[in-house]
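Data first, discussion second: the structure below is written as structure tokens.
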Amino acid sequence: MASLSGICSSSPTLKKFPNQSPSLTDPLRKDHVSFPARLADRTLSLAPLRAVAREVSDGALAAAVKKGLEKDPRALWRRYVGWLYQHKELGIYLDVSRVGFSDEFVKEMEPRFQAAFRAMEELEKGAIANPDESRMVGHYWLRDPKRAPNSFLKTQIENTLDAVCKFANDVVSGKIKPPSSPEGRFTQILSVGIGGSALGPQFVAEALAPDNPPLKIRFVDNTDPAGIDHQIAQLGPELASTLVIVISKSGGTPETRNGLLEVQKAFREAGLDFPKQGVAITQENSLLDNTARIEGWLARFPMFDWVGGRTSEMSAVGLLPAALQGIDIREMLAGASLMDEANRSTVLRNNPAALLALCWYWATDGVGSKDMVILPYKDSLLLFSRYLQQLVMESLGKEFDLDGNRVNQGISVYGNKGSTDQHAYIQQLREGVHNFFVTFIEVLRDRPPGHDWELEPGVTCGDYLFGMLQGTRSALYANNRESITVTVQEVTPRTVGALIALYERAVGIYASLVNINAYHQPGVEAGKKAAGEVLALQKRVLAVLNEASCKEPVEPLTLEEVADRCHAPEDVHTLSLFISSSIMCTTLFIKNHQSSITFFTCMQIEMIYKIIAHMAANDRALIVEGSCGSPRSIKVFLGECNIDGLYA
Ligand SMILES: O=P(O)(O)OC[C@H]1O[C@](O)(CO)[C@@H](O)[C@@H]1O
């Protein structure tokens, strides 16, 4: 290993590139980030350094650090060679030389890594690694079933894989056919699912689907009616030869349910028999599973309790759509399994996932102080950053650590692809606010053999892409911006499987380092609950308006009147979720201070206003007098009175 003394020689624990920061007394500087309690040991170790640093004037400090920063190409080469990780069989390299951690930092972190390795070993043996939900975490068993903690789970995994392969073969070969398609075989997949039930399949389809797959894939991954209409319109008459795969671990996610209902309506309107073209991937006995069973859908595949949505790509969730597109899923599994094996090493420098976690910890101070920019220089890997966004942010973005301390952890992830992004935001990365570190994903093979040509003497199109990556990496480093480079030979099922496994494990290890549960997502529930409450309020608004509109003469209501009539004691809890006060709201609160309109009703008025504006924009038999731009002028009633009390 190369000596790192030249890289960060001014102090073992000196954060890299501090010459970037003009003032050590600036409260926004990262030195002033409040460290979570569990990280107090590191804070202490930085304290003497900060004391020294404060004694040095900004200019002198910058000069001192500049001297210490490694810009000598020979020393940098030694660091590169010393830390370069290679997985020979997979043809994957990991270069962490452009992240400025020191030997002392690595030494300091070693006990924590050993603890993380032990935690990972326990997890793989079937420990309850997700304590809040009392669940095992078993996505690693999916690519190596013999590691499952019992033979029942092992058989479940193997049987599911066999069933996926058989079903996909039968569909592709035309043995399983759509009932009324002139094509005589399935030609399209419409995948309905969201979050972990969409992002993996989307990434893999973009990365690996051949130019002419046996079945082409489309996604409904939202409850946006126009988006769903667009997908269905694009299918056109091919709806008759579309296999609809509905994916939801819980089987009750509203967006997915809505997507299903919309697609089923399109089938009815086209005179097609949905169950003969429907497939469900979900947990046994979920709402979706029961629906599919009762309606007699074409097939059902299980999602396991011990696989989280964001780590489900190697379950039926990812494998079935991939196999139907002609992607070699056993190769994906083999790549993931090989990577998992490497990531079981307890020697940090031989463990690529641990090396990534080390870099993340160093770059973000272990508190998410910098964002992770993912830049694959390959069009087919465009969706990798989007996939990683959920994997990293839903796993690491946590309010509390495992001991109940408030830590507000996380690392923000974004990115698209190079060199395209060089013409969008690299300007800021090079010269602007220094709040990120980059991960370059380099693919050595430009295009399949035999297709290359030189567009100028000695230079191919791919050479330009290569040059852009290397140039950007160097330019960022020259301006003290850190980067990691992951290099793969080619984008193949094997390397994609390995990349997914690499990041899954890095997230798990990093979570251990910062002592959080990476496998639950309590924060998502608040938004879901609030959305349900908005819809409940909408129903109450409609009931109130209906009652007033059934009167003779019709009684148009102001927003305050609607709110007053909607008001019920339980709103106090409900509406506290919407404390994003508006001017209208505050004004009303002050104006009506003496009256019966409470602050919470005031919150309700804002939401009622939004509900009415939304319904009015969507031809919902609502008549609004006044201007939506001045909410207090509004009076509203229903165009049709519904005496059956339909909205009650
Ligand atoms: O697969 P399901 O249960 O429909 O959930 C979809 C997504 O919703 C979440 O639960 C929360 O966003 C994700 O973790 C998950 O991937």
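Ligands are counted one by one from 1 in listed order, and the atoms in each one are counted from 1 as well.
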Subject >> Atom indices of ligand 1 within 4.0 angstrom of Ile194 heavy atoms, with elements >> reply: 6 (C), 7 (C)
**OP:** Answer yes when Arg344 and Glu124 have at least one side-chain N-carboxylate O distance shorter than 4.0 Å, and no when they do not.
**Re:** yes
Original post:
What pairs meet the side chain to side chain donor-acceptor pair (under 3.5 Å) rule with one or both residues in residues 378-387, with sequence neighbours excluded?
Top reply: Asp379-Lys417
Original post:
What about Ser197: any of its N or O atoms under 3.5 Å from an N or O on ligand 1?
Top reply: yes
**OP:** List the closest protein heavy-atom neighbour of atom 10 (O) of ligand 1: residue, atom name, distance to the nearest 0.1 Å.
**Re:** Lys528 NZ, 3.8 Å
Original post:
Would Arg505 count as a cation-pi partner of Tyr140, with NZ or CZ less than 6.0 Å from the six-membered ring centre and within 45° of the ring normal?
Top reply: yes
Original post:
Which residue owns the protein heavy atom closest to atom 11 (C) of ligand 1, what's the atom, and how far is it?
Top reply: Val524 CG1, 3.3 Å
Original post:
Looking at atom 14 (O) of ligand 1, what's its closest protein heavy atom, distance included?
Top reply: Glu394 OE1, 2.7 Å
**OP:** Output all residues satisfying ring-ring contact (aromatic ring centres under 6.0 Å, His included) with Trp297, sequence neighbours left out; order by chain, then residue number.
**Re:** Phe274
**OP:** Heavy-atom contacts with Gly195 under 4.0 Å: which atoms of ligand 1 show up? List them by number with element.
**Re:** 16 (O)
Subject >> Basic-acidic side-chain contact under 4.0 Å: Glu158, Lys154 >> reply: yes
Original post:
Between Asn159 and Thr155, is any side-chain donor less than 3.5 angstrom from a side-chain acceptor?
Top reply: no
Original post:
If you measure only the distance, is there a donor-acceptor pair under 3.5 Å linking the side chains of Tyr503 and Thr311?
Top reply: no
Original post:
If you measure every N/O of Gly251 against every N/O of ligand 1, is any gap under 3.5 Å?
Top reply: no
Original post:
Does Gln390 reach ligand 1, in the sense of a heavy atom lying below 4.0 Å from it?
Top reply: yes
Original post:
What is the nearest protein non-hydrogen atom to atom 5 (O) of ligand 1, stated with its residue, atom name and distance?
Top reply: Thr253 OG1, 3.5 Å
Original post:
Among all protein non-hydrogen atoms, which one is nearest to atom 16 (O) of ligand 1, and what is the separation to 0.1 Å?
Top reply: Gly196 N, 2.7 Å
